[in-house]
Protein chains: 2
Amino acid sequence: MPTETQLAEEFNCARATVNRALRELAEQGFVERKRKSGTRVKKEPSKHAKLEFSLARQVVENQNAAYRYALVERNVVISPGWLSSQLNVAPNVRVLHVICMHYADNRPFQMEERWINIEAVPDVEDADLLEQGPHEWLLTTAPFTDAEVAFCAISADARLAEFMGTTAGASMIQMERTTWKSEKPLTFARMTHHPGYCIRTKY
Amino acid sequence: MPTETQLAEEFNCARATVNRALRELAEQGFVERKRKSGTRVKKEPSKHAKLEFSLARQVVENQNAAYRYALVERNVVISPGWLSSQLNVAPNVRVLHVICMHYADNRPFQMEERWINIEAVPDVEDADLLEQGPHEWLLTTAPFTDAEVAFCAISADARLAEFMGTTAGASMIQMERTTWKSEKPLTFARMTHHPGYCIRTKY
DNA sequence: TAGTGGTCTAGACCACTTT
DNA sequence: AAGTGGTCTAGACCACTAC
């Protein structure tokens with residue numbers, strides 16, 4: 001493509017304006033920009049959607065349903081090996097293990113199982129988490145800076161099925177998330193949605 | 001927060017610079033901006049991930065696996081009622097129905113079923129789609145401008161299980177996508193991934 | 001209607017990267 | 001070494017919207 005200066009002349013506008021337009025096109029994935037070599041139109045425009053990352057409460061309330069939270073289990077445990085690897089923390093550190101449920105109009109919406117790195121968030125040991133979910137507590141107390149997310153489909157085992165009010169073998173969408181606060185591992189969470197739940201977004 | 005002019009004074013810089021900084025903070029979901037009422041820091045910063053939207057071929061090749069494509073079925077049909085509603089096209093228009101498979105190292109990776117609005121992309125009737133998948137064909141020929149995506153978990157039925165080399169009842173992650181080109185409905189696609197496949201992304 | 005952010009201009013200097 | 005995009009300045013006008 002022509003250089004910014006050329007485009008500015010062609011369209012009779014300032015270079016700053018051209019720059020902003022091209023920068024936005026680059027953000028949207030239509031063009032690629034490199035210093036010295038210039039701006040090129042991408043062959044396969046890399047589209048991407050924004051995936052909102054909300055609290056269960058927010059999602060439920062957006063559906064105009066009544067949100068209810070319940071704590072199922074809360075205990076301090078020694079980090080099992082797989083978790084230490086996942087979070088990249090020393091083996092055998094103490095972590096807070098939490099299981100809780102989110103309901104929409106009293107129907108199971110999401111089951112959340114979470115391990116929190118106590119070392120990174122010492123205050124969490126005193127949080128009772130009876131009224132407020134660990135996700136919400138963490139967001140207001142220790143907001144993360146980086147996260148990795150994975151979505152997959154799983155079959156409910158007997159226990160999960162019981163909690164989610166369905167039968168064993170049902171297909172459910174599961175979201176696993178690991179978060180860091182400036183390189184420091186915060187938490188690993190596994191959130192399982194009720195059968196039939198869809199994650200929706202737009203481009 | 002202070003107004004742009006105040007911040008510009010405070011930091012000894014031009015208002016345009018402040019504006020760009022605040023605009024970027026707003027894009028990242030940390031602040032909210034409204035004319036006249038000013039800029040406010042959000043209580044619950046709305047984080048969001050970018051969800052790359054790639055061709056099956058690209059995903060497979062990124063895994064360093066060999067990609068193979070196969071056309072399963074290709075026929076012109078009269079749009080069934082549910083599809084006409086989904087795409088918002090007149091009932092009984094002609095659509096191109098395509099089923100195809102994407103393989104990674106000769107193992108089933110994704111099954112794709114797609115309906116294409118012939119009226120919006122007349123050329124597609126002459127595309128044989130033997131070498132190239134409809135997704136790839138559409139992207140280069142008639143790139144979309146808007147899309148809606150839904151992810152959900154499904155249980156494989158007998159036919160799907162056979163194609164995906166698994167057993168009926170297996171949980172698989174499915175992506176449904178409807179796309180438009182400037183308000184004109186283009187296509188509805190349902191892409192089912194092999195059991196165990198995860199969609200990954202970062203914040 | 002007044003004040004805010006949204007956008008533009010014309011000009012300048014800088015940093016990176018390819019040649 | 002040269003050319004590109006990246007970023008900044010100082011100033012201006014406009015559009016929306018809360019009051």
Inset, instruction - Would you mind reading off the distance between B:E9 atom CD and C:dT4 atom P, rounded to a whole angstrom? - result: 12 Å
Legend entry - Pairwise side-chain contact, A:Y69 with A:C100, heavy-atom cut-off 4.5 Å (strictly under): yes
Legend entry - Touch class at under 4.0 angstrom, heavy-atom based, for B:T39 against every strand present: sugar-phosphate
Inset, instruction - Would you kindly say whether B:T187 and B:T179 are connected by a side-chain donor-acceptor distance under 3.5 Å? - result: no
Inset, instruction - Using heavy atoms to find the nearest nucleotide of DNA chain C for B:A16 and B:P2 separately, return the residue whose nucleotide is more 5′. - result: B:P2
Inset, instruction - Determine whether A:P108 and A:F163 make a side-chain contact, defined as any pair of heavy atoms from C-beta on separated by less than 4.5 Å. - result: no
Legend entry - Nucleotide C:dG6, atom P - distance to CZ of B:R23 in whole Å: 8 Å
Inset, instruction - Grab the CZ-C1' distance between A:R20 and C:dT9 for me, whole Å please. - result: 14 Å
Inset, instruction - Could you state the atom-to-atom distance from CG of A:N12 to C1' of C:dA10 in whole Å? - result: 13 Å
Inset, instruction - Return each pair, listed once, that meets ring pair (Phe, Tyr, Trp, His ring centres under 6.0 Å) where at least one residue sits in residues 77-99 of chain A; pairs must be two or more places apart or across chains. - result: A:W82-A:W115, A:W82-A:F188, A:H97-A:W115
Legend entry - Pair B:R57 + B:E136, salt bridge at N-O below 4.0 Å: yes
Inset, instruction - At under 4.0 Å between heavy atoms, which parts of nucleotides 12-19 of chain C does protein reach? Answer with one letter per nucleotide, 5' to 3': B base, S sugar-phosphate only, - none. - result: BB-BSBB-
Using distance only, find each side-chain donor-acceptor pair of residues 116-127 of chain A under 3.5 Å and give its atom names and separation, not counting sequence neighbours.
{"unit_1": "A:N117", "atom_1": "OD1", "unit_2": "A:E119", "atom_2": "N", "d": "3.4"}
{"unit_1": "A:N117", "atom_1": "ND2", "unit_2": "A:P185", "atom_2": "O", "d": "2.8"}
{"unit_1": "A:E125", "atom_1": "OE2", "unit_2": "A:R94", "atom_2": "NH2", "d": "2.5"}

